[in-house]
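The next block holds one structure in the form of structure tokens; read it before the comments.
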Protein chains: 2
Amino acid sequence: MELRLLRTFATVARTGNVSAAALELSTSQPAVTKQLQLLERRVGATLFVRGRQGARLTSAGEALLPDALDLIARAEAFERRAGSVAAGEEGTLSIGFGLSGIELAPQAVALFRSRYPGVTVSLDDMSSAVQYERLLAGTLQVGFVRLPVPAGITHRRLRQDHLALALPAGVDRPGERATSAQVASWLDGRPLVRLRPERGPGLTDQITRLYDELRCRPRVLQEARDLQTVLALVAAGVGAAVVPATAAAIAPGSVELMPLRGKAASWWIGVASVERSVLLDRFVAAAVAAART
Amino acid sequence: MELRLLRTFATVARTGNVSAAALELSTSQPAVTKQLQLLERRVGATLFVRGRQGARLTSAGEALLPDALDLIARAEAFERRAGSVAAGEEGTLSIGFGLSGIELAPQAVALFRSRYPGVTVSLDDMSSAVQYERLLAGTLQVGFVRLPVPAGITHRRLRQDHLALALPAGVDRPGERATSAQVASWLDGRPLVRLRPERGPGLTDQITRLYDELRCRPRVLQEARDLQTVLALVAAGVGAAVVPATAAAIAPGSVELMPLRGKAASWWIGVASVERSVLLDRFVAAAVAAART
DNA sequence: CAGTTCCATAACCACAGGATATGGACAACC
DNA sequence: GGTTGTCCATATCCTGTGGTTATGGAACTG
């Protein structure tokens with residue numbers, strides 16, 4: 001049942017006149033006649049009595065007209081909805097973030113939601129590796145990740161992050177202006193709390209690369225699965241830890257963060273995505289704006 | 001927004017696979033691809049991420065799929081409904097009847113309603129002239145009328161009706177086996193109650209023709225607008241009346257009907273219609289069946 | 001009776017949309 | 001690492017739907 005037929009059905013019913021309907025539908029009168037005949041064959045019943053006074057609904061036509069109007073209205077509603085989904089005023093966006101997004105993601109989401117309240121946003125904490133997987137599988141639209149990203153994923157740089165040494169307040173430490181060599185010797189063999197490595201390349205590799213660069217080898221005293229726990233252990237005096245500087249956002253007050261220098265100590269955080277849509281572009285824009293503050 | 005596009009959208013979404021959807025829709029894979037591309041252009045958003053693992057919904061696709069499914073389901077419901085309207089299992093039938101149908105119409109409607117309970121029947125009392133008018137205008141599907149019918153109206157004969165003399169019980173009257181001449185002389189100049197003539201040719205003309213045939217001229221004492229009133233006046237002893245024999249169905253017990261003879265004294269009652277539909281054919285069949293009892 | 005106003009039919013034509021064949025990307029498997 | 005299979009996209013061709021103009025027939029109108 002093509003909607004085109006129903007539209008001409010409705011128009012003819014309203015005008016009560018094939019020619020007038022043709023005019024209104026900006027087509028020719030024979031076209032309308034043919035469409036009506038086709039619809040009547042499809043339906044299996046005569047819908048109009050044609051005569052000199054125009055076209056009048058039969059009882060079958062009378063019975064079907066309301067349903068036809070309803071269907072047309074719903075089709076139009078669908079088109080409107082499709083339009084607003086395409087325009088990014090409606091829809092859903094599922095966003096992932098890991099350690100890298102721990103500070104930025106909530107800010108970006110808050111900004112985005114204030115701009116586009118019609119969009120349903122779901123924000124989920126997951127590792128970078130899982131984000132990549134789900135981005136490529138299409139079950140995740142956006143991720144906050146450490147750059148670079150694997151092939152097939154596009155990204156936009158947001159801000160730089162640095163590794164920092166997390167220490168309990170009032171504990172022996174390298175001086176504020178300590179050289180890399182001094183920091184390295186301080187770290188070497190020192191008992192540390194570290195994040196448990198995830199599947200795939202992650203933050204722990206980044207940290208390992210820094211150790212390699214500094215040529216030091218701290219001793220892992222304890223592992224924890226999330227950054228909050230690591231920081232809590234640091235606060236409890238279990239040991240020091242090397243963490244992203246953005247962790248300051250969630251660090252207890254008694255933990256102090258001391259930036260580390262070195263090539264491997266700094267990297268870019270970005271928003272990553274695979275699909276392209278207005279909604280997504282807008283979220284990226286919101287993330288960029290949030291990163292600037 | 002053609003429903004065809006939505007159907008392939010739904011199928012691809014369900015199978016997650018363009019080729020499989022093509023198979024299921026019994027079309028070719030490129031056709032499905034083109035339809036998806038067209039739909040995406042119409043909607044203005046990408047609905048699927050295509051890859052080696054098939055086609056997966058984007059968030060926009062996810063957002064629109066339920067609406068599309070709903071629209072498809074409603075279109076199918078419309079087709080089903082159209083089918084049952086065409087099959088005459090559903091719909092409305094508006095039926096007219098005048099004096100001629102006073103006995104038959106209720107019987108026919110009762111039979112029809114018991115056969116097709118899904119059909120809404122409206123039964124309205126109106127003169128033959130009005131029935132013809134409304135039949136031709138399309139606002140009436142069936143009428144119970146005195147034959148013959150005007151051009152443009154088709155009919156089916158149901159049963160014969162006769163004029164009869166309505167008299168109060170126990171009153172001076174022509175004998176049971178009176179000749180036409182005896183009846184004529186009885187009628188001549190006699191005070192009668194008669195039905196008020198309606199616009200157009202009606203029962204009163206039929207009666208006038210009988211008087212002409214019998215060469216008598218009764219005196220009209222009183223007119224009434226409907227047959228019930230005429231019979232009530234007869235019962236009250238106001239006078240005799242010439243009425244259809246079928247009026248027996250609604251005559252008070254104290255009124256006796258005496259059949260009149262003569263060419264003009266008898267005529268056919270039929271069902272008249274203009275449109276053609278299964279519903280209508282079935283009603284006519286029910287009327288014929290009712291007339292046979 | 002000519003003119004007008006309806007709708008239906010006829011004949012033609014353009015283009016949408018389907019089919020077949022092919023290409024390109026990637027994964028899996030010898 | 002080549003080969004093969006499995007995806008989807010593209011190219012080209014062609015059929016059939018659905019549009020157009022022109023014309024016909026019927027009924028009402030002046």
Side-chain angles (χ1 to χ4, degrees), chain A residues 1-9 11-43 46-58 61 132-133 135-138 150-154 274-276, chain B residues 1-42 46-58 61 132-133 135-138 150-154 274-276:
Chain A
M1 191 64 55
E2 300 97 321
L3 290 173
R4 186 176 46 94
L5 298 182
L6 297 187
R7 276 186 237 278
T8 71
F9 171 39
T11 309
V12 173
R14 182 160 43 76
T15 60
N17 184 310
V18 173
S19 311
L23 205 63
E24 190 169 319
L25 294 165
S26 50
T27 182
S28 68
Q29 171 261 313
V32 172
T33 293
K34 283 213 290 188
Q35 286 188 26
L36 287 187
Q37 289 171 341
L38 181 60
L39 181 62
E40 288 179 334
R41 268 196 294 128
R42 293 266 165 87
V43 165
T46 305
L47 299 175
F48 293 97
V49 190
R50 283 82 142 180
R52 335 50 269 103
Q53 78 284 9
R56 306 184 92 88
L57 283 171
T58 63
Y132 294 143
E133 196 178 289
L135 280 170
L136 289 169
I153 295 180
T154 58
V274 169
E275 304 174 13
R276 289 230 39 189
Chain B
M1 190 64 52
E2 299 98 319
L3 290 174
R4 185 176 47 92
L5 299 183
L6 296 186
R7 275 186 238 278
T8 72
F9 171 40
T11 309
V12 173
R14 182 160 43 75
T15 61
N17 184 311
V18 173
S19 311
L23 204 65
E24 189 169 321
L25 295 165
S26 51
T27 182
S28 66
Q29 171 261 312
V32 172
T33 293
K34 283 214 293 189
Q35 286 187 26
L36 286 188
Q37 290 171 340
L38 182 59
L39 180 62
E40 288 179 334
R41 269 197 292 128
R42 292 266 166 86
T46 306
L47 298 175
F48 293 97
V49 190
R50 281 82 141 181
R52 316 69 252 111
Q53 78 286 8
R56 306 184 92 87
L57 282 171
T58 63
Y132 294 143
E133 196 178 288
L135 280 169
L136 290 169
I153 294 179
T154 59
V274 170
E275 303 174 17
R276 288 231 39 191

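Lettering of chains follows the sequences in order, A, B, ..., and the numbering in each one begins at 1.
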Seminar exercise, completed: One would report the end-axis bend of the helix from dC1(C)-dG30(D) to dC30(C)-dG1(D), five pairs per end and rounded to 10 degrees, as 10°

Problem set entry | Pairwise 5' ranking along DNA chain D for P30(B) and P30(A), keeping only the more 5' one | P30(B)

Exercise. Sub-3.5 Å donor-acceptor pair from the side chain of Q35(A) to the main-chain atoms of R7(A), do we have one?
Worked result: no

Atom pair [atom1] ([X]) and [atom2] ([Y]), whose distance is rounded to the nearest 0.5 Å:
X	Y	atom1	atom2	value
T11(A)	L6(A)	OG1	CG	10.5 Å
T58(A)	E40(A)	OG1	CD	7.5 Å
K34(B)	L36(B)	NZ	CG	12.5 Å
T8(A)	E24(A)	OG1	CD	11.5 Å

Rounded to the nearest angstrom, tell me the gap between atom [atom1] in [X] and atom [atom2] in [N].
X	N	atom1	atom2	value
N17(A)	dA27(D)	CG	P	18 Å
L38(A)	dG18(D)	CG	P	6 Å
Q29(B)	dC8(D)	CD	P	7 Å
K34(B)	dT12(D)	NZ	P	12 Å

Problem set entry | Partner of F9(A) by side chain to side chain contact (heavy atoms under 4.5 Å, CB included), out of V32(A), L47(A), V43(A) | L47(A)

Exercise. First contact, last contact: which nucleotides of DNA chain C are these for chain B, 5' to 3', heavy-atom distance under 4.0 Å?
Worked result: dG17(C) to dC26(C)

Exercise. Under 4.0 Å between a side-chain N/O of R50(B) and OP1 or OP2 of dC7(D), yes or no?
Worked result: no

Exercise. Looking for any heavy atom pair under 4.0 Å, which part of the strands does S28(B) touch: base, sugar-phosphate only, or nothing?
Worked result: base

Exercise. Reckon Q35(B) touches a base, only the sugar-phosphate, or nothing at all at heavy-atom distances under 4.0 Å?
Worked result: sugar-phosphate

Exercise. Does F48(A) reach the side chain of L57(A), with side-chain heavy atoms less than 4.5 Å apart?
Worked result: yes

Exercise. Taking C-beta and beyond as the side chain, do T33(B) and R50(B) meet within less than 4.5 Å on heavy atoms?
Worked result: no

Seminar exercise, completed: Sorted by chain and number, sequence neighbours left out, side-chain contact (heavy atoms from CB on, under 4.5 Å) with L38(A) holds for L5(A), R41(A), R42(A)

